[in-house]
There are 2 protein chains.
Amino acid sequence: MPPDSAPPDPPRAEVRRAQILAAAGDCFRSKGFHGASIAQISRIAGMSPGHIYHYFENKEAIIAAIVAQDLEHVLAMTASLRVACNMKEAMVEHVADGVARNLEPRTAGLNLEILAEAARNPHVAEIVRSADRVCRDSLGRTLRDMRRASGHDDDEATIAGMIEVLAAMFEGLASRSIRNPHLDRDVVVRLFQGALRDLLSQNP
Amino acid sequence: MPPDSAPPDPPRAEVRRAQILAAAGDCFRSKGFHGASIAQISRIAGMSPGHIYHYFENKEAIIAAIVAQDLEHVLAMTASLRVACNMKEAMVEHVADGVARNLEPRTAGLNLEILAEAARNPHVAEIVRSADRVCRDSLGRTLRDMRRASGHDDDEATIAGMIEVLAAMFEGLASRSIRNPHLDRDVVVRLFQGALRDLLSQNP
DNA sequence: GCAAAAATAGAATGTTTATTCTAGAATGAC
DNA sequence: GTCATTCTAGAATAAACATTCTATTTTTGC
């Protein structure tokens, strides 16, 4: 449950809202944002089509809510990772998790759907970008501390660049899982660990 | 009547077909595969909606053609790259082009659209996968030669893994260009070059 | 020039869509 | 229990959509 800042709503409404979001998640994953219809979502959510409009202004609002919900998960994960990973080797150990998560077909599909929608829907783009900003800030602090601790003195641009490279690598796995579903995950993990080590200990 | 099963030879037909594909490309880029309508495509292509069905059986066939066309460009690029890049440093030099190309918003948007569609449309998935197979084979040969020339003896799995890492890095840039449109391209190029050098010269 | 064939437009079709409207059922306050 | 409020269903609406049909124009082979 996201710790919503919204005023205390009747619990009934919250349950209903959650049902809609769950159903919409399923439909969006399998049909895409524009391939899934309100009728379909309402059937899976166990309510009438019209009733959905008591909780969401329109279909775009449902899309936005799904995107926000999904990114909040990522945000929470990033935050917890920051606490656990003050050291380089700890990060390297987490690579296996990160690779597995990003290769998961269901995750990959919805992520790509979100990005494609963000590429043409400014509202969704803003949600995606603001979540990314938070992730980058958090990862940036971790990275700067780590590099300082090992004697390097990087400028901001280099830190930001490292984050982009890291992010591109992991986010690129979604693309890889679609294009080459039979890729050898273990080898990828091994090489990712090597690349990460090199990236984090390189001289400027 | 369904369209002629054999594409007509006359150049007239080819021009018309190309017009449709060009218009469809524009529409798909700005609205997505399912957001773009035949009416819209036909308007931009300068013909009637019904006429499109003389060249394509249905909308999915247009999507498939666009996907195939796009991937053929990538394929051609990969092939030319293989000729030019027998050496590591030559590849490193091409990083800047590769980064710029993958960060291009128009390219990135359509690529993400294609991947999202491939995640749920088996027909499109097959096109994408077969193109990727060709790219991997070509890059694999290049990489193996390069590594042998510098005294390394890798097994197939390692070569395949290197390709996956490389591909993930570059393909991940599409995601980055959406999530963080203001990223510093030059720094990313510099760090990509370093990462590429490390990846290609690491010991097994 | 002239028929046969191909190319094309544009209206017609039938379905699907998001969204709104209307009215009935559940719930809770007192 | 009664009444006001909130939920909820399902029909109604109006637009959009992919696709097909029909008729007209253009091209081509001769």
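Naming: A, B, ... by sequence-line order, numbering from 1 per chain. The figures that follow rest on heavy atoms only: side chains count, while hydrogens, waters and symmetry mates do not.
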May I ask you to check whether over 12 heavy atoms, not counting those of B:R129, lie within 6.0 Å of atom CZ? yes

Decide if atom CZ of B:R120 counts as having more than 12 heavy atoms of other residues, nucleotides or ligands within a radius under 6.0 Å. yes

To the nearest Å, how far apart are [X] [atom1] and [N] [atom2]?
{"X": "B:I62", "N": "D:dC17", "atom1": "CD1", "atom2": "C1'", "value": "13 Å"}
{"X": "B:K31", "N": "D:dA18", "atom1": "NZ", "atom2": "P", "value": "13 Å"}
{"X": "B:H51", "N": "D:dT25", "atom1": "NE2", "atom2": "C1'", "value": "12 Å"}
{"X": "A:R43", "N": "D:dG10", "atom1": "CZ", "atom2": "P", "value": "13 Å"}
{"X": "A:H54", "N": "C:dA18", "atom1": "NE2", "atom2": "P", "value": "17 Å"}
{"X": "B:H34", "N": "C:dA18", "atom1": "NE2", "atom2": "C1'", "value": "17 Å"}
{"X": "A:R17", "N": "D:dT8", "atom1": "CZ", "atom2": "P", "value": "14 Å"}
{"X": "B:N58", "N": "D:dC17", "atom1": "CG", "atom2": "P", "value": "17 Å"}

Test A:R179 against every option in B:E171, B:E126, B:E164 by the salt bridge (Lys or Arg N to Asp or Glu O under 4.0 Å) rule and name the one that passes. B:E171

Among [options], which is the nearest nucleotide to the side chain of [X]?
{"X": "A:I38", "options": "D:dA9, D:dT19, C:dT19", "value": "C:dT19"}
{"X": "A:M47", "options": "C:dT17, D:dT19, D:dA9", "value": "D:dA9"}
{"X": "B:A13", "options": "C:dA7, C:dT8, D:dT8", "value": "C:dA7"}

Distance test, side-chain N/O of A:Y55 to OP1/OP2 of D:dT8, below 4.0 Å: yes

Would a 4.5 Å heavy-atom cut-off, applied to side chains only, mark B:V188 and B:L173 as touching? yes

When A:K59 and B:S48 are each assigned the nearest nucleotide of DNA chain C, the 5'-most assignment goes to B:S48

